[in-house]
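Order of the sequence lines fixes the chain letters, A, B, ..., with proteins taken first and strands second; residue numbering starts at 1 for each chain. The basis for the numbers below is simple: all heavy atoms, side chains too, and nothing from hydrogens, waters or symmetry mates.
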Protein chains: 2
Amino acid sequence: MQDVARLANVSIATVSFTVNNSKPVSPATRARVEAAMQELGFRRNAVGRALASKRTHILALLYPALQHRFRGTVVNFFTSAARTASEHGYNLVLWPASNDDELDELTSTGLVDGVLLMEVQVEDPRVERLQKSGTPFALIGRTAEPDALDFVDIDFEGTVAASIDHLVELGHSAIGLLDGGVGSGALRGYGPVVRTRGAFDREMEERGLMAFRLSCDENPAAGREMGARIRDEAPGMTALILMNEHAAPGLLSELRHQGLSVPDDLSILSIASSKEMAAMNDPELTVMSAPSIELGRRGVELLIDQLDGGGDHDRHALVMCALEPGASTAPPRAGH
Amino acid sequence: MQDVARLANVSIATVSFTVNNSKPVSPATRARVEAAMQELGFRRNAVGRALASKRTHILALLYPALQHRFRGTVVNFFTSAARTASEHGYNLVLWPASNDDELDELTSTGLVDGVLLMEVQVEDPRVERLQKSGTPFALIGRTAEPDALDFVDIDFEGTVAASIDHLVELGHSAIGLLDGGVGSGALRGYGPVVRTRGAFDREMEERGLMAFRLSCDENPAAGREMGARIRDEAPGMTALILMNEHAAPGLLSELRHQGLSVPDDLSILSIASSKEMAAMNDPELTVMSAPSIELGRRGVELLIDQLDGGGDHDRHALVMCALEPGASTAPPRAGH
DNA sequence: CTGAAAGCGCTTACAG
DNA sequence: CTGAAAGCGCTTACAG
């Protein structure tokens with residue numbers, strides 16, 4: 001910047017003003033400065049800027065060490081968040097925080113301007129910690145009391161309603177929900193499952209439909225076991241909303257071995273999964289796919305709104321899953 | 001740091017020396033300084049340090065905008081790289097560079113100490129660009145001439161040999177390779193496919209086995225089509241090495257519809273995939289799983305070796321895929 | 001073993 | 001509209 005100033009015959013302050021558009025600069029000097037920058041191939045140093053302005057333009061994406069639920073879509077989320085940050089002149093660092101101390105480590109060294117919190121729990125101790133540290137942050141997911149916070153989340157309520165709509169339109173009235181359980185330990189009270197169950201119970205009751213609630217672990221073997229007992233556990237059920245993509249292959253395989261046809265004997269609608277995972281099944285599953293890319297983008301936008309001001313995004317954003325047609329849903333067999 | 005120095009009655013230089021262990025400090029002063037840091041909850045500012053030392057302790061993970069091949073494992077790679085960086089006192093930023101200018105943008109602002117390059121092509125223009133910029137970097141993957149570079153890559157040659165070993169031990173002698181093609185455009189000359197084919201041809205020839213070479217696009221529909229014509233294209237083949245995890249479900253489904261049994265009529269060994277993807281199939285595939293976590297870790301270690309010196313990691317690291325038993329490989333039917 | 005001081009590359013009141 | 005100068009929070013020769 002010294003060199004640019006010298007070559008353009010101005011002060012470094014003026015160079016700074018023209019680079020940042022932070023103060024009016026006459027067209028003539030601007031031209032001289034820009035020519036000098038061009039000639040020298042000048043790029044302003046990010047660290048000098050950060051120290052002087054107290055803004056690093058670095059955002060942290062905080063992900064927990066525990067296994068992610070929606071694994072396949074996490075990479076979309078990561079890259080979408082990084083791209084959005086980049087488009088706004090920010091950088092995104094991946095921060096693997098398994099405990100609270102590592103969170104403090106991040107916020108106390110002044111490296112990041114803000115934090116994006118993934119896999120938010122219904123009661124999440126990290127939220128209070130962040131508030132205490134004064135670091136701007138946004139949530140992917142929701143706590144139990146998210147009103148005062150900025151968040152984006154999947155609209156589980158809307159997704160469940162749309163799922164039931166889809167199945168009812170096909171003619172179903174006895175519908176089940178198979179989820180992966182609320183888990184224990186770190187995953188206890190996992191928001192997506194809690195909210196989906198609540199919405200399912202409510203919607204089914206309101207519509208006066210016959211509801212079944214099922215759970216099994218998130219792996220094919222558990223899906224297989226579930227398949228073996230599903231007719232006992234849910235007699236008369238003709239359609240299943242599945243929020244457990246990893247159980248799907250085992251479940252389908254077991255149903256096939258029993259001579260049951262999907263979708264003719266049982267329609268299956270996979271939710272909060274991805275088209276890619278759905279396509280790994282036979283038949284290819286109809287799916288309400290998780291809006292990972294949009295969640296990543298909007299989470300970053302929310303955070304940058306706080307940092308730069310002037311943003312007009314909705315601070316409480318809920319994004320629907322999108323219905324992607326597959327071969328696993330159809331009208332129930334005549335006679336049901 | 002000013003405050004710490006005042007409280008401990010030393011200069012800020014001395015605080016710096018004890019924080020960094022960069023110069024000898026007497027036990028007594030060290031104790032005083034540490035007590036003061038404790039009391040004030042001092043954490044040295046990362047930006048000030050970066051500016052003074054000309055080292056940001058930030059690493060960039062450069063991933064191309066084009067779709068990733070080994071999608072499911074990318075998240076493991078990302079998080080493993082981030083964790084390793086963190087363990088060494090570094091941060092990892094995700095940098096979505098779709099073109100060369102965005103690469104220059106990254107290296108010219110002085111934000112990062114080094115770059116990790118993903119999805120390296122056989123001829124990769126980014127390598128020369130990075131060399132020109134003087135930025136330390138390491139590759140995940142290999143160019144055609146990688147001797148002068150630091151890289152970690154999957155040991156495709158070893159993985160293919162081990163795959164053939166596994167099948168030969170089961171009694172197979174007519175073995176095919178089904179890959180996703182070398183692609184066109186940005187993916188042309190994609191190293192993994194090129195190397196796997198070369199190794200396969202060589203190994204099969206050396207061992208005097210009957211080899212079949214097949215390719216189809218990376219999706220279930222293409223796998224299904226391949227299944228429909230596979231007996232014509234590869235008559236007598238009893239085992240298949242599959243480097244195309246997304247084609248697997250379609251292929252298996254089509255084989256089943258034809259009344260062919262996996263593994264009895266055809267053994268299938270999925271390579272450079274993951275146990276998770278393998279488990280999405282029925283039967284669960286035997287798989288040589290990609291060492292994503294190790295690649296992420298070792299790539300970062302290589303880069304930090306360059307930056308901090310004194311590292312003793314092998315600059316040309318090749319990591320084998322690991323055999324994970326499944327239900328898709330077995331001896332050929334008697335009579336073959 | 002410890003300190004005074006320069007300097008890393010910028011931004012930002014303040015003054016004109 | 002432009003500039004001189006202080007300062008962001010550290011590190012690092014240099015001197016003692």
Problem set entry | Check against side-chain contact (heavy atoms from CB on, under 4.5 Å), B:Leu302 and B:Phe151 | CA-CA 8 Å; B:Leu302 238 39; B:Phe151 68 81; 5.6 Å; no
Problem set entry | Intermediate values then yes/no, side-chain contact (heavy atoms from CB on, under 4.5 Å), A:Val112 and A:Trp95 | CA-CA 11 Å; A:Val112 305; A:Trp95 192 259; over 6 Å; no
Exercise. Under the side-chain contact (heavy atoms from CB on, under 4.5 Å) criterion, do B:Val319 and B:Leu295 qualify, and how do the steps go?
Worked result: CA-CA 7 Å; B:Val319 189; B:Leu295 289 176; 4.1 Å; yes
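Crowding of B:Glu87 atom CD: a count of heavy atoms from other residues, nucleotides or ligands under 6.0 Å exceeding 12.
Contact check, A:Asn20 against C:dT11: a side-chain N or O comes under 4.0 Å of OP1 or OP2. Dashed line: the shortest gap from a side-chain N or O of A:Thr29 to OP1 or OP2 of D:dT2 is under 4.0 Å. Between B:Ser26 and C:dT2 there is a side-chain polar atom (N or O) within less than 4.0 angstrom of OP1 or OP2.
Remark: A:Asp305 does not engage A:Arg298 in a salt bridge, criterion side-chain N to carboxylate O under 4.0 Å. Remark: B:Asp101 engages B:Arg129 in a salt bridge, criterion side-chain N to carboxylate O under 4.0 Å. Looking at A:Asp104 and A:Lys132, no side-chain N of the basic residue comes within less than 4.0 Å of a carboxylate O on the acidic one, giving no salt bridge.
Between A:Val47 and B:Val25, the residue anchored closer to the 5' end of DNA chain C is B:Val25, taking for each the nucleotide with the nearest heavy atom.
Atom CG in A:Leu111 sits about 19 Å away from atom P in D:dC8, given to the nearest Å. Nucleotide D:dG9 holds its C1' atom 15 Å from the CZ atom of B:Arg43, rounded to whole Å. Going from atom CG of B:Asn21 over to atom C1' of D:dT12 covers 16 Å, rounded to whole Å. One can place CG of A:Asn45 at 18 Å from P of D:dC8, the figure rounded to the nearest angstrom. In this structure, the CD atom of B:Gln2 is 12 Å from the P atom of D:dT11, given to the nearest Å.
Listed candidates were C:dT11, D:dC10, C:dG9. Nearest to the side chain of A:Arg49 is C:dT11. In this structure, of D:dC1, C:dC10, D:dA13, it is D:dA13 that holds the atom nearest to the side chain of B:Lys23. In the set C:dT11, C:dC1, D:dC10, C:dC1 carries the atom at the smallest distance from any side-chain atom of B:Pro24.
Judged by distance alone, the side chain of B:Ser86 and the main-chain N or O of B:Ala82 form no donor-acceptor pair under 3.5 Å. In terms of modelled atom types and a separation under 3.5 Å, the side chain of A:Ser133 and the main chain of A:Leu130 share a donor-acceptor contact. In this structure, B:Asp113 contributes its side chain and B:Leu59 its backbone to no donor-acceptor pair below 3.5 Å.
Below 30°, between 30° and 60°, or above 60°: for A:Tyr63 and A:Phe78 the angle between ring planes is between 30° and 60°, a tilted geometry.
In DNA chain C, consecutive stretches of 3 or more Watson-Crick or G-U wobble pairs with both distances under 3.5 Å are given as paired ranges: C:1-3 with D:14-16, C:5-12 with D:5-12, C:14-16 with D:1-3.
Annotation: proximity of residues 5-19 of chain A to DNA chain C (heavy atom, distance under 4.0 Å) is found for A:Ile12, A:Ala13, A:Ser16, A:Phe17, numbered in ascending order. Contacts with DNA chain C (heavy atom under 4.0 Å) in residues 50-59 of chain A: A:Leu51, A:Ala52, A:Ser53, listed by number.
Among A:His313, A:Gln306, A:Glu301, the one residue that satisfies the side chain to side chain contact (heavy atoms under 4.5 Å, CB included) test with A:Asp150 is A:Gln306.
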